[in-house]
K.L.:
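One structure follows; several queries about it will come next.
To find a chain, count down the sequence lines: A is the first, B the second, and so on, and within it residues start at 1.
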Amino acid sequence: MTFEDHGRDAAENTKLEKLKVTVSFPLAGRDSFKERAELSAPAESVRLEAMGHFGVSDDASTVYYLTFNGDRIEGLTQIGSLSHGRDSLKFILSKELIQG
Amino acid sequence: MTSADTLLTLEMDQDAVVAYLDDFDGVLILDADPGTYWLVLHPKSAAAETYYARVAWQQYPDCPPSVRFHDRIHGRFDVPSAWPIVPGYRLGAWDICKPMTAEAYVVHPEWCTGPHQWSSSGNPFLWIAQTLQDDLNHNYQGRNA
């Protein structure tokens, strides 16, 4: 392996260490939240940053959570485990409602 | 009487609903009654099961819609088997008792103010569709007998 090969591999690994993350929230009157996040980042950090972007927060009666392909994503999930080789992930921020 | 503003705003927002439902093999159907739609939905864990939610907007996006499951499009809502078993989805009352439907705000007028008040920002139609699909994906316990 040449010096150039090492350099190229290092560059590709660097690229793969981050994912393009998009979080949409249908009740937001603003654009989706977008960031580049580490593969090892927990979903909870994405959730909190997205909630800050949308100006919402959990309270005693409302909880927000991320869904990906329809699945509810737990906070400790590393987002890299969802990517399966893709370089981007699209989440939806959902609002959990209490029942009457 | 549904206003022209309501219909125009619904028309702008409904494309996102169609795209979202398509990810779950769901369909959005416009009713002949202006402001009324049928959402054909499938739980992720039971894709062969089909539910028909009638979503009727009187004033969009300012007021919550009536949401009721029916046994088929243009069918009856007072049929238990038309309704999925999901916490807050009530047989007898035939409503979804969560702060997202016109029926629920009648039962709980205290929700009209405070943290549960209706939000008209963004795309509430998409939010309703996502909430129904999320319930079928995460809180579904089967079909009522």
Side-chain angles (χ1 to χ4, degrees), chain A residues 19-34 42-44 46-77 79 81-84 86 88-100, chain B residues 13-14 16-17 19-26 41-45 47 61 64 67 86-90 93 95-101 103-111 114-140:
Chain A
L19 288 166
K20 285 180 276 186
V21 171
T22 302
V23 182
S24 61
F25 180 49
L27 289 179
R30 57 189 305 179
D31 291 341
S32 299
F33 168 72
K34 294 178 182 175
E44 178 66 1
V46 175
R47 184 185 80 98
L48 292 174
E49 289 181 50
M51 287 168 58
H53 172 80
F54 293 122
V56 298
S57 57
D58 295 332
D59 58 38
S61 57
T62 308
V63 172
Y64 295 86
Y65 60 94
L66 293 177
T67 64
F68 178 73
N69 287 343
D71 295 324
R72 184 169 180 155
I73 305 303
E74 297 303 325
L76 292 177
T77 302
I79 61 170
S81 69
L82 304 170
S83 66
H84 299 295
R86 285 170 293 197
S88 62
L89 294 173
K90 290 186 178 179
F91 296 96
I92 294 173
L93 185 66
S94 295
K95 180 181 179 182
E96 183 160 42
L97 302 170
I98 62 158
Q99 67 195 69
Chain B
D13 282 359
Q14 69 191 23
V17 178
Y20 172 75
L21 293 178
D22 187 57
D23 287 343
F24 300 96
D25 293 325
L41 303 165
H42 309 280
K44 197 171 180 184
S45 63
V67 182
V86 172
Y89 291 28
R90 305 188 308 166
D95 66 13
I96 297 175
C97 202
K98 296 184 176 188
M100 58 183 272
T101 69
E103 292 83 4
Y105 282 100
V106 170
V107 176
H108 291 279
E110 73 276 13
W111 286 350
H116 295 307
Q117 66 185 340
W118 174 252
S119 172
S120 61
S121 62
N123 185 339
F125 193 2
L126 178 59
W127 178 66
I128 289 287
Q130 288 184 350
T131 302
L132 293 171
Q133 184 67 57
D134 275 352
D135 274 347
L136 289 178
N137 289 347
H138 310 138
N139 302 320
Y140 180 66

K.L.:
On a heavy-atom basis, which atom in B/S119 and which in A/L27 lie closest, and how many Å separate them?
P.N.:
O-CD2, 4.1 Å
K.L.:
With no hydrogens and no angle check, is any side-chain donor or acceptor of B/K44 less than 3.5 Å from a backbone partner on A/N69?
P.N.:
yes
K.L.:
Where on A/F54 is there a heavy atom nearer than 4.5 Å to chain B: the side chain, the backbone, both, or neither?
P.N.:
neither
K.L.:
Taking side chain as C-beta onward, heavy atoms only, is A/E96 less than 4.5 Å from B/D134?
P.N.:
no
K.L.:
Evaluate the side-chain proximity of A/R72 to B/N137: yes if any heavy-atom separation is below 4.5 Å, no if none is.
P.N.:
no
K.L.:
Do A/T67 and B/Q130 come within less than 4.5 Å of each other through their side chains, counting heavy atoms only?
P.N.:
no
K.L.:
Between the side chain of B/S121 and the main-chain N/O of A/A28, is any donor-acceptor distance below 3.5 Å?
P.N.:
no
K.L.:
Considering only heavy atoms, which portion of B/Y89 lies under 4.5 Å from any heavy atom of chain A: side chain, backbone, both, or neither?
P.N.:
neither
K.L.:
Sort B/D23 into side chain, backbone, both or neither according to what part of it lies under 4.5 angstrom from a heavy atom of chain A.
P.N.:
neither
